[in-house]
Number of protein chains: 2
Amino acid sequence: MGDVNGVGPEILAKALAREDMQACADYLVFGERAVLAQAAAVLGVALPALDDFAFGSTLRAGVVGISNAGKAAAAVQAGVLSAEAGACAHHWIGAATAAVALGDADALVTCPVNKEAMLLAGHGDLGHTELLSRLLNAPDWRMCLYTEGRLVVHLSGHLSLMDALRGITTESVCASVRVAHEALLRMGIAAPRIAVAGINPHAGEHGVIGHEDEALLVPAVAACVGEGIACTGPHSPDAVFRQLWQGQHDAVIAMYHDQGHIAMKMVAMDETASLTLGLPIVRTSPDHGTAFDIAWTGQADERSLCAAIKLAARLARPRQKESA
Amino acid sequence: MGDVNGVGPEILAKALAREDMQACADYLVFGERAVLAQAAAVLGVALPALDDFAFGSTLRAGVVGISNAGKAAAAVQAGVLSAEAGACAHHWIGAATAAVALGDADALVTCPVNKEAMLLAGHGDLGHTELLSRLLNAPDWRMCLYTEGRLVVHLSGHLSLMDALRGITTESVCASVRVAHEALLRMGIAAPRIAVAGINPHAGEHGVIGHEDEALLVPAVAACVGEGIACTGPHSPDAVFRQLWQGQHDAVIAMYHDQGHIAMKMVAMDETASLTLGLPIVRTSPDHGTAFDIAWTGQADERSLCAAIKLAARLARPRQKESA
C-alpha cells in the first residue's frame, strides 16, 4: 500500500477495480483495510471482495487478501510527511517481502513511499530497495525501468551523481549486463541485445572527453561478449536510449539514475514500471513517488502501477496465470 | 562547410537547394566551391548561383557567396579521419567567425567537424565552440539546444562528466539563467519562465540524496528571482525536461551535457538546433556530428541544419529578412 498519506491507496484501489488487472493475478495487499476502502469511496470505484488474509492459507481468485501484519495505520492525513505513516509503510514492506520470500506469494509489487518518512521511521532505510537489500541479504541489486519490451538497468539508484560516478567499475557493469541478460531470457527473448551506455558525452570520443569510457567500459563489453552475450558499446549516451526506443536494443545499461530516467520519462511516463533485478524475489513498482501534492484528490494515475503488476506477473513464471 | 570528409557538404547542399531556406537568409559559405558542387552532384540537387565572395562586398539575394579564405581543401575522402580536413575546417571556422564579428554577415552557422580531426589540426581546439571562445575572448559561453520554442542551456559542454560536476557553481548557474533570459527576450518571449534542473536524482530530495542541490542551486534560484527573473527549481532532472516539452517552462538550465542532450534527443532529434549563448555573435549549428559512417552516401538529413539556420535568422534581428 505504501505511504497512506500519498497516492498509494488510490492507485491500488483503481488498479484492483480494473477487470484486466483482476484477470492478471491474485492479490494479497499489505496495508490497512479501512484505508483501502476509504480510497475506493473517494474514487467511487467498486473493489473486489476483501478478505483478512490468514498467513499460511492460499490466495483465492476473485478475493483480495489483505493484512496489516499486526501494525495498524493511523488516520490518513493527505499529503502530510509523517513518521507514523513511514513506520507503517516500512513494516508492511517487510511483511510483504517475507511473504514472497517464504512462498505465500509469487512476486512483490510496492506502492510509493516517501523517502523522508522512511528515514523518520528510524530503520535507516532510504526506500524500498534498501530495505529489500538488507532483509534479503542481496547487496548487488539493480534499479531498472521497463516499458513495452524495453529494459533499462541502472548501475546505481538513489546516490548523489558524484557518488554514482565514483562507484562505477568494470565488474559492476559486467554484473549489470548479466542480470539484464537473465531477465530478458526469462521474459522469453531468445538472444537479448544489450547496449552499454557511455559515461561521458559521446562516450568519451576515444578518450578525448574523459578516460572513463575507455578504461572501465570497453573491457566490460569485451568480457561480456566473451561470455557469449550480445553486448555492444560504450554507446553515446545521447543516442543509445533513442536507439532502444526504436528497437535496436533490448536493454541499455545506464551508468547512473538520471541517465536512464530522463530518457524513459520523456517518452513513456505513464506506462513505465520500475523493476529491481539482482534480488532473490521478483519485485516491481510504479516509477513515480508519493505525489503528496495530489494525494487523496482522485487525480493519481494507476497506469504505472498496472504496468508494474503486469511485469511482475510476467516474470513470476512458475505460477503465472494463463490470462496474464 | 565543416569537415569535408563528413556530412557537412551534403547537408549544406541540401539546405541551400531548398526554397524555404533560400527565402530565410542570404548566404556566405566558407569552404571549398568544388566540394559543394560535388555534394550537389552526388545528391542530384540544383544549387542557387554561386559567386566567389569578395571581402568587403555585400551579400546578394539569390546568390550564394563562397570563399575558402585562402586555404584550399584536398580531395574528399568520404568518412576518413584526416588532419588536412581538420585543418581546413579549422581555418574556415576562423575566417567565418571573423566575417561575422567584423560585420560581413549577421550570424554564424557551423556544419559538423570531427573532434579528433580538429585536434590533429594542431591548434588545441576540441571543437567549434572552443575555437570561438578563444578567438572572441569569450570564456563564459553556454552550449544550448533549441527546438520549437524550447531552449535548453547547458552549464558545460564537452567535458568529462566528473569535471562537469566539479565545475558547477552558484555563479555559473546564475550566469546561465541570465543568458537564457536575454536570449528568450530577444526571441520575443515577454516574461520567460526558466527552470533550473537538479544535479542529483530527484534534485536531492532536500539533502537526502547528495547535498549539491541545496548548497549550489537553491541560492542560485533565489538570486535570479531577486533579479526579477521568473526562475524556479531545482527541479527533479527526470521530470523537468518533460515539463519543458509540455510547455510548462520556456527554458531549462541543464547541469551537464547529457542531461539536456538525452532528453531532447528522445523527442526531437531531427528538428533540434544547437546554439551557443554567451558569445558576442549569434552562432548556431546542427545538433549532430560528422556521421562518417554515412558521409557521401546521400543519406544525411539536412533538417537540423535548416533548424539552425532558421534560429540564427531569428536571433540576428537587426538585418533579419521579412520572410524569415
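By convention in this document, chain letters (A, B, ...) are assigned in the order of the sequence lines, proteins followed by strands, and residues within each chain are numbered from 1. Worth saying up front: this structure is predicted, and the values here are computed from it rather than measured.
Among the candidates A/L119, A/L120, A/D125, the single residue satisfying the side chain to side chain contact (heavy atoms under 4.5 Å, CB included) test with A/H90 is A/D125.
No donor-acceptor pair closer than 3.5 Å links the side chain of B/R283 to the backbone N or O of B/T276.
The CG atom of A/L305 lies 12.0 Å from the OG atom of A/S274; values are rounded to the nearest 0.5 Å.
The greatest number of non-hydrogen atom pairs below 4.5 Å with chain A, out of B/G157, B/G204, B/P237, is found for B/P237. Chosen from A/G210, A/G198, A/P201, A/S236, the residue pairing most often with chain B at heavy-atom distances under 4.5 Å is A/P201. The candidate from B/L126, B/I199, B/I209 with the greatest count of non-hydrogen atom pairs under 4.5 Å with chain A is B/I209. For the options A/H261, A/E116, A/H158, heavy-atom pairs under 4.5 Å to chain B are most numerous at A/H158.
The part of B/E212 that comes within reach of chain A is its side chain, from C-beta onward, which places non-hydrogen atoms under 4.5 angstrom from that chain. Within the 4.5 angstrom heavy-atom criterion, only backbone atoms of B/L159 (N, CA, C, O) approach chain A. With a 4.5 angstrom heavy-atom cutoff, B/H211 does not touch chain A via any of its atoms.
Using a 4.5 Å heavy-atom cutoff, the side chains of A/T290 and A/N5 are not in contact. Side-chain contact between A/I262 and A/F241: absent, with no pair of heavy atoms (C-beta onward) separated by less than 4.5 Å.
A perpendicular orientation is assigned to the rings of B/H202 and A/H257, their planes being inclined by more than 60° (bins at 30° and 60°).
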